[in-house]
Amino acid sequence: MDNELTVIGSELPVLQTKGTYKYLKEITGNGAYYQVAWQKLADGYLALYGTTPIQINVAPILNDIFEDEEG
């Protein structure tokens with residue numbers, strides 16, 4: 001199991017149910033898949049894999065303005 005810090009740092013969405021996504025042990029074939037989400041379980045998180053990305057709605061990122069502090 002992966003810990004919460006690893007999951008948060010991955011920037012992948014966390015889902016409550018796995019839906020149509022697969023566990024690694026369920027995937028067969030030539031490896032044409034990639035990790036798209038985590039499933040939150042009672043005792044940790046489980047990586048989910050798919051062939052299409054999940055749309056993530058995030059807040060807009062504001063550009064930081066850095067001023068010269070040596071003035």
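Every heavy atom of this structure was used, including side-chain atoms; hydrogens, water molecules and symmetry mates were not.
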Going by the side chain to side chain contact (heavy atoms under 4.5 Å, CB included) test, name the single residue among Leu48, Leu46, Val36 that passes it with Leu15. Leu48
Partners passing salt bridge (Lys or Arg N to Asp or Glu O under 4.0 Å) against Lys22 (at least two apart in sequence or in another chain): none
Got a second to check how far Trp38's CH2 is from Thr6's OG1, nearest 0.5 Å? 7.0 Å
For Tyr23, the ring pair (Phe, Tyr, Trp, His ring centres under 6.0 Å) test, sequence neighbours excluded, returns none
Residues in side chain to side chain contact (heavy atoms under 4.5 Å, CB included) with Glu4, at least two apart? Ile8, Tyr45
When every non-hydrogen atom of Gln39 is compared with those of Gln16, the smallest separation belongs to NE2-O, 3.8 Å
